[in-house]
Asks: 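Sending over a structure as structure tokens; questions will come in a sec.
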2 protein chains.
Amino acid sequence: MHIDPVNILKDHDLKHTKQRVRVLEEIALDTVAISQPELEKKLGKEIDRVTLYRILNTYEDKGILHRIMDMNGTANYAICSSSCTEHHHHDEHVHFNCSNCQKIYCLDVKIPNIKMPPGFTASSINTTAYGICEKCSAGMKAD
Amino acid sequence: MHIDPVNILKDHDLKHTKQRVRVLEEIALDTVAISQPELEKKLGKEIDRVTLYRILNTYEDKGILHRIMDMNGTANYAICSSSCTEHHHHDEHVHFNCSNCQKIYCLDVKIPNIKMPPGFTASSINTTAYGICEKCSAGMKAD
DNA sequence: AATAACAATGCAATAAAATTGCATTTACTA
DNA sequence: TAGTAAATGCAATTTTATTGCATTGTTATT
């Protein structure tokens, strides 16, 4: 799947601006989620801090990005699967948060069904595993 | 199970101070997790903001409290089960975050085993469901 | 292509949340 | 009960997030 920022914007009735395109490009670069502070570092010279906040928020609202909170309460963003809509996110896959490099992976593993106790109605669910990722466990052997 | 702050402190080699006792008392009041801002509101007159931060941190380090991040990146705290130690938390139960009252419940539901992809080694896992809790769904009928 | 309408951006100011250093107070030990 | 070390409170600072408004840029229409 190839990401085309311009089409994504069109599909969601968002105006085409260079800042919005840049944000999507940057996030599409890697398959892992990128944190808000990292984005800020990378795009800080091109895009105002406040604008970045606003772009990320509208992308989340529109179902273009999904937001994953890490252990420290930092927001991380990844591109949504095509099934996400403005009204409901379908990021029901397991996340993996590496405690070494802090990266958050969207794993190709579905969240198992979990039965809620009487009275509790779940509309969405998130599970994230913490540990050492692929790259770090390879790298740690080498170093 | 009855919570005795004084014994908890002793068991973990922590000095007995009235601030530490108050924090534990406050958290033990309810079975649901309480957010850092709520604690601050409740204890703000008795305990300095900074002290509260420090107490919560040491409690987490010692395995007395576990911290659950909600959707907004706000820290919530609940008393750990007895099996938690200084070196490893065992809060491997499902959390439920009510989108109405924002409360976080520690459900008596174990997280199912999830097989990680090759190269990924998980040392802990967290799953939280979002939706409407028991009390809110009852209350919403009434109101 | 020009322009009108409106949305997005950047900047400045403000607010909120978290952290640090240090003087004072408090708890535990001998 | 005196000494020691740790915990607390306060002030200052830093970091993160939010708001208002003037300016710029995008799109639809002619």
Side-chain angles (χ1 to χ4, degrees), chain A residues 4-27 33-62 64-65 67-77 86 102 104, chain B residues 4-27 33-62 64-65 67-77 86 102 104:
Chain A
D4 178 358
V6 178
N7 275 328
I8 292 180
L9 291 174
K10 269 190 193 147
D11 291 348
H12 292 85
D13 293 309
L14 291 173
K15 292 207 169 137
H16 169 279
T17 71
K18 66 171 186 299
Q19 293 87 341
R20 285 181 174 166
V21 172
R22 282 296 289 120
V23 170
L24 279 181
E25 280 175 355
E26 206 55 44
I27 293 177
I34 185 167
S35 72
Q36 200 272 343
E38 275 180 278
L39 276 171
E40 209 173 300
K41 223 182 295 169
K42 288 197 176 181
L43 299 173
K45 306 273 158 102
E46 309 172 49
I47 304 181
D48 185 80
R49 198 179 152 59
V50 177
T51 304
L52 181 58
Y53 275 106
R54 293 195 268 228
I55 289 177
L56 291 171
N57 281 337
T58 70
Y59 281 176
E60 199 197 350
D61 288 348
K62 289 284 186 175
I64 296 172
L65 296 181
R67 194 188 54 180
I68 310 123
M69 283 292 172
D70 67 19
M71 269 195 306
N72 308 309
T74 305
N76 290 62
Y77 293 91
E86 180 159 3
Q102 307 300 329
I104 296 186
Chain B
D4 178 358
V6 178
N7 275 327
I8 291 180
L9 290 174
K10 269 189 192 147
D11 291 349
H12 291 86
D13 294 310
L14 291 174
K15 291 202 171 145
H16 169 277
T17 70
K18 65 171 186 299
Q19 294 86 342
R20 284 181 173 166
V21 172
R22 283 294 290 120
V23 170
L24 279 182
E25 280 175 354
E26 205 56 44
I27 293 177
I34 184 167
S35 72
Q36 201 271 343
E38 275 180 278
L39 275 171
E40 209 174 302
K41 224 183 293 170
K42 287 196 176 180
L43 300 172
K45 304 274 158 99
E46 309 171 50
I47 305 179
D48 186 80
R49 195 180 154 61
V50 177
T51 304
L52 180 58
Y53 275 106
R54 293 194 268 229
I55 290 178
L56 292 171
N57 281 336
T58 71
Y59 281 177
E60 199 197 350
D61 288 347
K62 289 284 186 175
I64 297 171
L65 295 181
R67 193 187 55 177
I68 311 122
M69 283 292 171
D70 67 18
M71 269 194 306
N72 310 308
T74 305
N76 290 63
Y77 293 91
E86 181 159 0
Q102 307 299 329
I104 295 185

Asks: I'd like to check the salt bridge (Lys or Arg N to Asp or Glu O under 4.0 Å) partners of A:K15; sequence neighbours left out, ordered by chain and number.
Replies: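 With neighbours one apart ignored, the set is empty.
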Asks: Rounded to whole angstroms, how far apart are NZ on B:K10 and C1' on C:dC28?
Replies: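 Interatomic distance, NZ of B:K10 to C1' of C:dC28: 12 Å.
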Asks: Take the C1' atoms of the five end pairs on each side of the helix from C:dA1-D:dT30 to C:dA30-D:dT1, get both axes, and report the angle to 10 degrees.
Replies: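 Overall, the helix from C:dA1-D:dT30 to C:dA30-D:dT1 bends by 40° from one end axis to the other.
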Asks: B:Q36 near the nucleic acid: base, sugar-phosphate alone, or nothing, with a heavy-atom cut-off under 4.0 Å?
Replies: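 B:Q36: backbone/sugar contact only, no base atoms under 4.0 Å.
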Asks: Using heavy atoms to find the nearest nucleotide of DNA chain C for B:N57 and B:H16 separately, return the residue whose nucleotide is more 5′.
Replies: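 Going by which nucleotide is closer to the 5' end, it is B:N57.
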Asks: Round to the nearest Å and state the distance from A:R49 atom CZ to D:dT19 atom P.
Replies: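 From A:R49 CZ to D:dT19 P: 14 Å.
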Asks: Roughly, in whole Å, what's the span from CZ in B:R67 to C1' in C:dA18?
Replies: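 Whole-Å distance recorded here is 13 Å.
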Asks: Calculate the interatomic distance between A:H12 atom NE2 and C:dA8 atom C1'; express it in whole Å.
Replies: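 Distance, rounded to whole Å: 18 Å.
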Asks: If I take atom CG in residue A:L43 and atom C1' in nucleotide C:dA8, what distance separates them, rounded to the nearest angstrom?
Replies: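 Rounded to the whole Å, the gap is 16 Å.
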Asks: Could I get the full list of side chain to side chain contact (heavy atoms under 4.5 Å, CB included) partners for B:E38, not counting sequence neighbours?
Replies: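 Side chain to side chain contact (heavy atoms under 4.5 Å, CB included) list for B:E38, sorted by chain: B:I34, B:S35.
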Asks: Send over the distance from A:D61 CG to C:dA8 C1', rounded to a whole Å.
Replies: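 Those two atoms, CG and C1', are 15 Å apart.
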Asks: What is the per-nucleotide protein-contact pattern of nucleotides 3-15 of chain D, from the 5' end, where B denotes a base atom under 4.0 Å from a protein heavy atom, S denotes such proximity for sugar-phosphate atoms only, and - denotes neither?
Replies: ---SSBBBB----
Asks: Taking side chain to side chain contact (heavy atoms under 4.5 Å, CB included) as the definition, give me every residue that meets it alongside B:R54, ordered by chain and number, with sequence neighbours left out.
Replies: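 Only B:V50 meet the side chain to side chain contact (heavy atoms under 4.5 Å, CB included) criterion with B:R54.
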Asks: Find the distance between CD1 (A:I8) and CG (A:L14) and round it off to the nearest 0.5 Å.
Replies: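 Going from CD1 on A:I8 over to CG on A:L14, the span is 10.5 Å.
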Asks: Could you walk me through whether B:D48 and B:Y53 satisfy the side chain to side chain contact (heavy atoms under 4.5 Å, CB included) test, starting with their C-alpha distance in whole Å, then the side-chain angles of each, then the deciding distance to 0.1 Å, before giving a yes or no?
Replies: CA-CA 9 Å; B:D48 186 80; B:Y53 275 106; over 6 Å; no
Asks: Figure out the OH/P separation between A:Y53 and D:dA17, and round it to whole Å.
Replies: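 The answer, rounded to whole Å, is 3 Å.
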Asks: Of all residues at least two apart in sequence or in a different chain, which pass the side-chain hydrogen bond (donor to acceptor under 3.5 Å, both in side chains) check with B:N7?
Replies: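 B:D4.
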Asks: Test B:L39 against every option in B:I55, B:I47, B:L56 by the side chain to side chain contact (heavy atoms under 4.5 Å, CB included) rule and name the one that passes.
Replies: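 Only one option passes, and that is B:L56.
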Asks: To check you understand the geometry: which heavy-atom pair defines the closest contact between A:L43 and A:R22, and what is its length?
Replies: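 Scanning both residues completely, I find the closest heavy atoms to be CD2-NH2, 3.5 Å.
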Asks: Can you check whether A:M71's main-chain N or O pairs, donor with acceptor, with B:R67's side chain at less than 3.5 Å?
Replies: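 Yes, B:R67 side chain to A:M71 backbone: donor-acceptor pair under 3.5 Å.
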Asks: Rounded to whole Å, how long is the line connecting atom CG of B:L9 with atom P of C:dT26?
Replies: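 That distance rounds to 18 Å.
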